[in-house]
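Scroll down for the structure; my scribbles are underneath it.
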Amino acid sequence: KGLPGVVKKNKSLRSLNLTANEIVGGADLKSLMKVCGDLKAFSSINLGRNQISDDSASAIASAFAGRAPIEQVELQENKLTDAGVVAIFEGIANSKSVTSVNLAKNEIGNEGIIALQSLLAANQVIKTVELSGTKDII
């Protein structure tokens, strides 16, 4: 049904850009992330400039439990706070493929930065973390 159904039928899909679509989350995002996580060729998801909040973080994190070799995760300019970032980082922690995470212009504070420190210690594959426009992190 909907976009998850379309994506599921394309086994060779490598990248999906859903920037600025006013995505909030819910069951549709959860279904989409599960489908993307199960695609063997899928490597990039861009969900930047939406309305994604902490409530949807576990759905995003679920994509990293699948078979997809996701390399790039774009979540800039959403409504993620420390709680959401912690959940996403927990999903990424065991990933052997994620090399780039963009969380610029979210509402991340000290807990999110501590979680990032733990993530980077546990996952040596990550090469780029974007946090520009994030207030009060230093």
Side-chain angles (χ1 to χ4, degrees):
K1 175 184 163 202
L3 185 57
V6 171
V7 169
K8 188 173 186 174
K9 291 180 182 178
N10 186 335
K11 303 289 185 198
S12 62
L13 186 68
R14 291 188 44 82
S15 180
L16 186 60
N17 186 336
L18 295 171
T19 302
N21 278 291
E22 298 182 18
I23 296 169
V24 175
D28 289 339
L29 180 61
K30 184 174 185 173
S31 176
L32 177 64
M33 294 308 295
K34 176 160 180 13
V35 167
C36 290
D38 288 339
L39 295 174
K40 292 179 183 175
F42 194 75
S43 65
S44 177
I45 182 82
N46 189 333
L47 293 167
R49 296 179 51 211
N50 282 291
Q51 303 295 315
I52 297 171
S53 67
D54 297 341
D55 294 338
S56 299
S58 62
I60 293 166
S62 72
F64 307 108
R67 299 179 297 207
I70 300 172
E71 297 171 4
Q72 186 172 2
V73 183
E74 301 281 339
L75 291 165
Q76 70 277 10
E77 296 184 55
N78 277 289
K79 296 184 180 214
L80 294 167
T81 68
D82 288 337
V85 169
V86 168
I88 291 166
F89 287 168
E90 287 173 355
I92 293 173
N94 295 318
S95 170
K96 304 290 186 228
S97 58
V98 175
T99 60
S100 177
V101 181
N102 186 342
L103 289 163
K105 295 186 179 180
N106 277 287
E107 299 169 22
I108 303 167
N110 287 336
E111 287 181 41
I113 298 305
I114 291 168
L116 174 61
Q117 180 180 6
S118 297
L119 172 65
L120 294 176
N123 186 324
Q124 300 294 309
V125 178
I126 296 172
K127 304 296 181 213
T128 305
V129 177
E130 176 70 45
L131 295 171
S132 63
T134 303
K135 300 176 183 175
D136 301 325
I137 60 171
I138 295 182

Would N106 and V85 satisfy side-chain contact (heavy atoms from CB on, under 4.5 Å), going step by step from the backbone distance to the final call?
CA-CA 9 Å; N106 277 287; V85 169; 5.6 Å; no
Spacing of T134 atom OG1 and E107 atom CD [to the nearest 0.5 Å]
10.0 Å
Crowding at CD, E111 (>12 non-hydrogen neighbours, <6.0 Å)
no
Find the distance between CD (E77) and CZ (R49) and round it off to the nearest 0.5 Å.
6.0 Å
I'd like to check the side-chain contact (heavy atoms from CB on, under 4.5 Å) partners of E71; sequence neighbours left out, ordered by chain and number.
S43, T99
For the atom pair CG (L3) and CG (D28), what is the distance rounded to the nearest 0.5 Å?
9.0 Å
Partner residues of E74 under the side-chain contact (heavy atoms from CB on, under 4.5 Å) criterion, sequence neighbours left out:
N46, Q72, Q76, N102
State, without any angle test, whether N10 and S12 hold a side-chain donor-acceptor pair at a distance under 3.5 Å.
yes
Smallest heavy-atom separation, F64 atom then I92 atom, equals CE1-CG1, 3.6 Å
For S97 and P69, the nearest pair of non-hydrogen atoms, with its separation, is OG-C, 3.2 Å
I114 reachable from I108 in the ILVMFWY side-chain graph, under 4.5 Å edges:
no
Backbone N/O of A59 and side chain of S62: donor-acceptor pair under 3.5 Å:
yes
Positive for side chain to side chain contact (heavy atoms under 4.5 Å, CB included) with L47, one of N17, V73, I52:
I52
With side-chain contact (heavy atoms from CB on, under 4.5 Å) as the test, would you mind laying out the steps for L103 and L116 before giving the verdict?
CA-CA 11 Å; L103 289 163; L116 174 61; over 6 Å; no
Atom CZ of R14 and atom NZ of K40: how far apart are they, to the nearest 0.5 Å?
15.0 Å
So OG of S95 and CG of L119: to nearest 0.5 Å the spacing works out to 9.5 Å
Looking at V24, is its backbone amide N or carbonyl O close enough to the side chain of E22 to form a donor-acceptor pair, meaning the two atoms are under 3.5 Å apart?
no
Keeping N78 on the side-chain end and L80 on the backbone end, is there a donor-acceptor pair under 3.5 Å?
no
Taken to the nearest 0.5 Å, the spacing of I113 CD1 from D82 CG works out to 8.0 Å
Exercise: identify the closest heavy-atom pair between S56 and L29:
CB-CD2, 3.7 Å
Heavy atoms only: give me the nearest I126-L120 pair and the separation to one decimal.
CG2-CD2, 3.9 Å
Excluding sequence neighbours, so at least two apart, what forms salt bridge (charged side-chain N to carboxylate O under 4.0 Å, His left out) with D38?
K34
Quick one: closest heavy-atom pair of K11 and L39, and the distance?
CA-CD2, 4.1 Å
Taking the side chain from D55 and the backbone from G25, do they hold a donor-acceptor pair closer than 3.5 Å?
no
Heavy atoms of A61 and I88 approach each other most closely as CB-CA, 4.1 Å
Applying side-chain contact (heavy atoms from CB on, under 4.5 Å), run through N123 and F89 and close with a yes or a no.
CA-CA 10 Å; N123 186 324; F89 287 168; over 6 Å; no
